[in-house]
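One structure is given below, encoded as structure tokens.
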Amino acid sequence: MDKEKLKQKVCATIDSNVAKIAAYAEDVAKEPELGFKEIKTAAKMAAVFDELGIEYRAGLAITGVKGRVHGGKKGPTIAVIGELDAIGCADSLLANPLTGAAHACGHNIQQAAMIGAAYGLVKSGVLADLAGDVVFFGVPAEEYVELDYRKHLRAEGKLHFLHGKGELIYLGEFDDIDMAMQIHSDKNMPKPTVSIGQSSNGFVGKTVQYIGKTAHAADAPDQGINALNAAMLGLMGINALRETFREKDVIRVHPIITKGGDLVNSVPSDVRVETYVRAKTMEAMEATNIKIDAALRAGGAAIGAKVIIDTLPGQLPLICNNTLNNLFVDNAKIANPKVEIKDSGHFSASTDMGDVSHLMPVIHPFIGGTTGLLHTKDFCVVDFDAAAILPAKTFAMMIIDLLADDGMQAKAILAEHKPVLSKEEYVKKLDGYFSK
Ligand SMILES: [Zn+2]
Ligand SMILES: [Zn+2]
């Protein structure tokens, strides 16, 4: 059967399953869970795999679910990813009242796009005409949050890295995948839109403790060492460095004080700070990280406080594959001829898809049909078809393009692609970012 006919078949199949796909997205939104705790969400995804007869493994990197389907012939393996975790957004209408978790980053929609592609490819029967495998991958913990909890899991030997995709790479769960794609909901983009980006920032995370000496704040401040003053000087040092940040490196350093002291009439002796150090390239991130540590230490040196810096690997900068991006655009136009295509340029936030992008070709387009800013209570889906069905059809049709004709297009992309890092180099690189 020719590719156009196969594409018509998958799109018709997705259209006849829209109610199920929408019910899935709603069901996931009702029970939002934070990273590495997505037990119920993973079970919902597994139930869809059961319904479709997709073989899968669960409990990967604690909650990950990985389904695999086979084409009629052997060939490359393409993964479609759906992130399982919610974000903290306690004032969202759908927030979990106990944890504050809510799907304010649209990961439930991303999952719906992934399972939509699964409904289309599996139920239409088109796989028999393709050469290669498709992995439908429910991946935990994209949001880099609750660091103490994750450090605890690491200390217990339950995690090696602190985000889902990094941990899955470490566990070898990307070893049998050749290329990977996911979408992400866009912000304030109600119309059917595809925003294609090339890159994002990467970052390292950091917790800092200033240890001083307590004393009566009024009677004997001369006997104390004020850890809050040390921390404030550290943050002033960071601000004084900002003029050295080059525009092209898109550096973002955004520290917060998480503990500023204990009691107002005692000199603060234990003050805690957290920050990310973000940049467009690993080189800029690493060079800036050294400067930030020096500034933080200088605050302690000025006051005589001890400074303990714990740096953790965050997420690597994203590098998208142009050929896959173009293929996404071509098929999005078939899925909806009225779709608007935008260039989203460089994304100054980060994603752990960046880590995967150092090993294989990936894409991470932003999809409209939503209003409000990400991570806020105002974020919501106003057009489900634009937000989830359009990318579901686009993924399914892209896979037909990539794996038809003996997988010719997928093989050509892989032949041209030069990975930035091998898996071993990746693990070594990330291990090197841990300061302890
Ligand atoms: Zn997010
Ligand atoms: Zn997100």
Side-chain angles (χ1 to χ4, degrees), residues 25 28-29 32-38 41-42 45 61 63-64 79-92 94-96 99-115 137-147 149-150 162-168 180-189 193-197 199-203 205 252 254 256 274 276 278 314-318 320 344 346-357 362-381 387-388 391 395:
V28 169
E33 297 167 301
L34 294 174
F36 296 122
K37 299 174 182 173
E38 311 96 325
T41 311
M45 188 173 280
T63 51
V80 183
I81 288 174
E83 292 162 350
L84 298 169
D85 59 331
I87 182 71
C89 186
D91 55 354
S92 164
L94 283 175
N96 177 312
T99 64
H103 273 289
C105 203
H107 295 185
N108 61 321
I109 299 302
Q110 198 186 105
Q111 291 173 50
M114 186 206 90
I115 68 149
F137 211 164
V139 170
E142 186 276 330
E143 306 285 359
Y144 193 80
V145 296
E146 296 193 304
L147 293 191
Y149 171 70
R150 295 185 191 183
L162 304 181
H163 51 71
K165 297 190 193 70
E167 181 67 3
L168 289 164
M181 27 195 215
Q182 70 164 97
I183 53 116
H184 199 290
S185 292
D186 211 340
K187 57 181 185 287
N188 288 329
M189 201 64 79
T193 315
V194 169
S195 291
I196 292 291
S199 56
S200 82
N201 272 352
F203 71 92
R252 298 282 190 276
H254 38 86
I256 57 169
E274 278 181 25
Y276 285 5
R278 301 194 202 240
Q315 300 170 339
L316 296 187
L318 177 70
C320 289
S344 61
H346 178 73
F347 181 48
S348 52
S350 313
T351 164
D352 61 1
M353 195 60 157
D355 295 59
V356 181
S357 78
V362 312
I363 51 165
H364 186 276
F366 290 93
I367 305 296
T370 61
T371 57
L373 290 173
L374 296 172
H375 293 198
T376 71
K377 69 174 176 25
D378 301 327
F379 175 78
C380 79
V381 174
F395 280 147

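Numbering of ligands and ligand atoms starts at 1, following listing order. Just so we're clear, the structure is a prediction, and the values are computed from it rather than from any experiment.
- The number of heavy-atom neighbours closer than 6.0 Å to NZ of Lys187, taken from other residues, nucleotides and ligands shown, is 12 or below.
- For residue Glu142, no N/O/S atom approaches the Zn ion (ligand 1) to within less than 2.8 Å.
- Vertex the Zn ion (ligand 2); arms to His184 NE2 and His107 NE2; angle rounded to 10 degrees, 110°.
- Looking at Asp355, its side chain never comes within 3.5 Å of a backbone N or O of Gly166 through a donor-acceptor pair.
- Seen from the Zn ion (ligand 1), atom SG on Cys105 and atom OE1 on Glu143 lie at an angle near 150° (rounded to 10 degrees).
- Judged purely by atom type and a 3.5 angstrom limit, Arg150 uses its side chain to pair as donor or acceptor with the backbone of Leu162.
- In this structure a side-chain-to-backbone donor-acceptor pair under 3.5 Å is present from Glu38 to Phe36.
- His375 has its closest N, O or S atom to the Zn ion (ligand 1) at the position named NE2.
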